> 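One structure follows; several queries about it will come next.
Not measured: the values here are computed from a predicted model. In this chain, residues are counted from 1 in sequence order.
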Amino acid sequence: MGRSKMQQIERTLGMATRFLDEVRGDIGRAALEGADIPPRLRSVHEKPGHATPEFRTVAIPVPDGMGGVPPEILSGTIARYAHTKKPDCLLLAMEAEMEADGEGARSVLIAEARDRTGTRMYWMQPYRPAGSRVDWDEPLAGGWADPGEAELILDAAFPLRRDGDADELRAGRAAAAEAEGRRRLDPRRQPQEADREVPLAGIAAGRAD
């Protein structure tokens, strides 16, 4: 029996939250060494007959001489990767700098979650290294949030197949907000999936191998 819309949203939300926890730990360790981590993409592949999906974590290298990967290049590269690998869900996490009123630039963790059923969520959380630790501020939108009509980097990886898809995306927003509210009250644990981390080659040339 297939999952309901709410069940799929909760499943994607659980995987995204666990992914965020891992990335925050890696950012903390890298920050203490004065280093950055490259954008990280997690590809989720559902396997027929298996309750546990396969995870593949992909490191996206930043080209030499560039402070970061422009969103349009990152989006196109991930879209080509998705066209080849055909994932059921993608999770993206990356560091960025944003201007804060009266505080200058500050570091922020940006994450996105997108799946084939139309789930779309984003996360933004400022942080700052503080001696032997990293202090995390509250997420700017209070947690995983609906991007509305704003375009996500991951949207290009799951293009709309028909006009009705747009209606389906809008219909899923209330369900996503409800699922996030329930998660905060009663976080769910899911079994750990097999994961392997590999580099995503060809970013400088705009390719995804």
> Any idea which heavy atoms bring Ile110 and Ala96 closest together, and the distance?
CD1-CB, 3.8 Å

> In Å, rounded to the nearest 0.5 Å, how long is the span from CZ of Phe19 to OG1 of Thr57?
6.5 Å

> Looking at CE of Met94 and CG of Leu109, how far apart are the two atoms once the value is rounded to the nearest 0.5 Å?
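Those atoms lie 10.0 Å apart.
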
> As a quick check of understanding, evaluate side chain to side chain contact (heavy atoms under 4.5 Å, CB included) for Leu74 and Leu92, giving each step before the final call.
CA-CA 10 Å; Leu74 188 58; Leu92 173 68; 4.2 Å; yes

> Taking all heavy atoms of Ala111 and all of Trp144, pick out the closest pair and write down the distance.
CB-CH2, 3.8 Å

> What distance separates Tyr81 OH from His83 NE2, expressed to the nearest 0.5 Å?
14.0 Å

> Are any of the side-chain heavy atoms of Leu41 and Leu90 separated by less than 4.5 Å?
yes

> Please determine whether side chain to side chain contact (heavy atoms under 4.5 Å, CB included) holds for the pair Gln7 and Arg11, giving the CA-CA distance in whole Å, both sets of side-chain angles, and the decisive distance to 0.1 Å.
CA-CA 6 Å; Gln7 288 173 327; Arg11 184 176 177 83; over 6 Å; no

> Any non-hydrogen side-chain atom of Val23 less than 4.5 Å from a side-chain atom of Ile37?
yes

> Any salt bridge linking Arg29 with Asp26? Criterion: basic side-chain nitrogen under 4.0 Å from a carboxylate oxygen.
yes

> So, Ser107 versus Glu95: side-chain donor-acceptor pair below 3.5 Å or not?
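No, because no side-chain N or O of Ser107 sits under 3.5 Å from a partner of the opposite role on Glu95.
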
> With salt bridge (charged side-chain N to carboxylate O under 4.0 Å, His left out) as the test, would you mind laying out the steps for Glu46 and Arg116 before giving the verdict?
CA-CA 11 Å; Glu46 300 283 0; Arg116 287 197 177 278; over 6 Å; no

> Quick one: closest heavy-atom pair of Ala82 and Pro87, and the distance?
O-CD, 3.5 Å

> So Phe55 and Met15, do their side chains get closer than 4.5 Å, heavy atoms only?
yes

> Can a salt bridge be assigned to the pair Glu22 and Arg24 using a cut-off of 4.0 Å between side-chain N and carboxylate O?
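Between Arg24 and Glu22 there is no salt bridge, as every charged N stays at least 4.0 Å from the carboxylate O atoms.
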
> With a 4.5 Å heavy-atom cut-off, do Pro147 and Arg120 have their side chains touching?
yes

> If you measure from CG on Leu154 to OG1 on Thr119, what distance do you get to the nearest 0.5 Å?
12.0 Å

> With rounding to the nearest 0.5 Å, note down the distance linking CD1 in Ile73 to CD1 in Ile153.
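The distance works out to 11.5 Å.
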
> With a 4.5 Å heavy-atom cut-off, do Glu112 and Met121 have their side chains touching?
no

> Out of the candidates Thr17, Asp115, Asp88, only one should pair with Thr12 under the side-chain hydrogen bond (donor to acceptor under 3.5 Å, both in side chains) rule; please name it.
Asp115

> Using side chain to side chain contact (heavy atoms under 4.5 Å, CB included), reason through Tyr127 and Val108 one step at a time and then give a plain yes or no.
CA-CA 6 Å; Tyr127 67 92; Val108 61; 5.6 Å; no

> To the nearest 0.5 angstrom, please state how far the OG atom of Ser43 sits from the NZ atom of Lys86.
11.5 Å

> Kindly indicate whether the side chain of Asp146, heavy atoms from C-beta on, has any atom under 4.5 Å from the side chain of Tyr122.
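Not in contact.
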
> Main chain of Phe158, side chain of Arg114: is a donor-acceptor contact present, judged purely on distance under 3.5 Å?
yes

> Side-chain contact, heavy-atom cut-off 4.5 Å: Arg42 with Arg56?
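No, their side chains stay 4.5 Å or more apart.
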
> Could you check whether any side-chain heavy atom of Val134 comes within less than 4.5 Å of a side-chain heavy atom of Arg128, counting everything from C-beta outward?
no

> Under the 3.5 angstrom rule, does the side chain of Gln125 hit a backbone N or O of Trp136 as a donor-acceptor pair?
no

> Within a reach of under 6.0 Å around CD of Glu72, are more than 12 heavy atoms found that belong to other residues, nucleotides or ligands?
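Counting other residues, nucleotides and ligands, CD of Glu72 exceeds 12 neighbours.
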
